[in-house]
Amino acid sequence: MCHLGPHPRPRAAGLLERPVLPPPVAIDTASYKIFVSGKSGVGKTALVAKLAGLEVPVVHHETTGIQTTVVFWPAKLQASERVVMFRFEFWDCGESALKKFDHMLPACKENTDAFLFLFSFTDRASFEDLPGQLARIAGEAPGVVRMVIGSKFDQYMHTDVPERDLKAFRQAWDLPLLRVKSVPGRRLADGRTLDGRAGLADVAHVLNGLAEQLWHQDQVTAGLLPNPSENAPA
């Protein structure tokens, strides 16, 4: 569980299915559609698998169509102590399918609440492609949350994207930029079962960040918080 506020604190609570709660416990569900975008091979499918606590594919196979994965993530609002169950529906589509079928991208973008833009620390071209993706995918969606994630951070010793370039990107775009590992999750003593707690520690910051950004955007849309864009200097 995470606590939504200035400093979200992760808890071990990532779930593939909505949990069965005791009768006295009634919590609201906030549902969001999230489109995962990035060049082929950057680790979109692997990221979604890690967020969902599933096996990370060892060999890369491009997603041939649209693949959706639902992840539940509970959070407690710091202001009211109210618990909210976040329902994240991740949409992942292969780059070739997006280029081949004209209806794929509009379907992925329709009613989307957040865009996750991925690049790989081992693929310089995927990082340089980010501005084009941001303009092409999210250019006409000003109210949608946008986050950038660098994958394969565990291979940072062989990075093609130095820290100075990340700093320049953050200054230019003013977007959250997170880093994730791409290695398969640790296993329990039997050598087969994934260690769920260890896996959550690797991705909790992504789920917490999504919950924080989406909840804040909802408050802005509802008029409960000021819209930063309206206060920006001309």
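Values below: every heavy atom of this structure, side chains too, minus hydrogens, waters and symmetry copies.
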Residue pair T69 / D92, side-chain heavy-atom distance below 4.5 Å
no
For S126, which residues count as a side-chain hydrogen bond (donor to acceptor under 3.5 Å, both in side chains) partner, sequence neighbours excluded?
none
Taking only residues two or more places apart in sequence or in another chain, which ones pass ring pair (Phe, Tyr, Trp, His ring centres under 6.0 Å) with F35?
none
Start with the C-alpha gap between F88 and V70, add the side-chain angles, then the distance that decides, and say whether side-chain contact (heavy atoms from CB on, under 4.5 Å) holds.
CA-CA 6 Å; F88 299 131; V70 174; over 6 Å; no
Atom of V36, atom of K44 and distance for their closest heavy-atom approach
O-CD, 3.7 Å
Atom pairs and distances, side-chain donor-acceptor, residues 164-173, under 3.5 Å, sequence neighbours left out:
{"unit_1": "D165", "atom_1": "OD2", "unit_2": "R124", "atom_2": "NH1", "d": "2.5"}
{"unit_1": "D165", "atom_1": "OD2", "unit_2": "R124", "atom_2": "NH2", "d": "3.1"}
{"unit_1": "R170", "atom_1": "NH2", "unit_2": "E163", "atom_2": "OE2", "d": "3.4"}

Looking only at heavy atoms, which two atoms of K152 and G41 are closest? And how far apart?
NZ-O, 3.1 Å
Could you tell me the separation between the NZ atom of K33 and the CZ atom of F115, rounded to the nearest 0.5 Å?
8.5 Å
Sidechain-backbone polar pair: S120 side chain, T122 backbone, donor-acceptor under 3.5 Å:
yes
Which pair of heavy atoms, one from V220 and one from P226, lies closest together, and at what distance?
CG2-O, 3.7 Å
With no hydrogens and no angle check, just 3.5 Å: does a side-chain donor-acceptor pair link Y32 and D218?
yes
Straight-line distance of L130 CG to S37 OG, nearest 0.5 Å:
9.0 Å
For the CD1 atom of I34 and the CG atom of L214, what is their distance to the nearest 0.5 Å?
5.5 Å
Is the ring pair W215/F86 parallel, tilted or perpendicular, if the boundaries are 30 and 60 degrees?
perpendicular
Any heavy-atom pair between the side chains of F127 and D160 that's under 4.5 Å?
no
Minimum heavy-atom separation for V206 to L178, with atom names?
CA-CD1, 3.9 Å
What is the minimum heavy-atom distance between D102 and P106, and which atoms define it?
O-CD, 3.1 Å
Verdict with reasoning, D129 to F119, per side-chain contact (heavy atoms from CB on, under 4.5 Å):
CA-CA 8 Å; D129 189 51; F119 73 93; over 6 Å; no
Tell me, do Q67 and T45 make a side-chain contact under 4.5 Å, heavy atoms counted?
yes
Are L225 and L77 linked, directly or through other ILVMFWY residues, by side chains that come within less than 4.5 angstrom of each other?
no
Non-hydrogen side-chain atoms of L118 and L47 separated by less than 4.5 Å
yes
Do the side chain of H216 and the main chain of A211 share a donor and acceptor less than 3.5 angstrom apart?
no
Would you sort out whether L51 and W73 count as a side-chain contact (heavy atoms from CB on, under 4.5 Å), showing the intermediate values?
CA-CA 10 Å; L51 294 176; W73 185 254; over 6 Å; no
Is it the case that the side chains of T68 and E89 hold a donor-acceptor pair, with the cut-off being a distance below 3.5 Å and no angle test?
no
Donor-acceptor contact below 3.5 Å, side chain K50 vs main chain D202:
no
Rounded at 0.5 Å granularity, tell me how far CD1 in I66 sits from SG in C93.
5.0 Å
Look up atom CD1 in I149 and atom CG in L116, then write down how far apart they are to the nearest 0.5 Å.
4.5 Å
Heavy-atom nearest pair, Q213 first then P176, reads NE2-CG, 3.7 Å
Taking the side chain as every heavy atom from C-beta outward, state whether V180 and H205 have any pair of such atoms under 4.5 Å apart.
yes
D28 and R82 ion-paired at < 4.0 Å:
yes
Rounded to the nearest 0.5 Å, how far does OG of S151 lie from CZ of F121?
8.0 Å
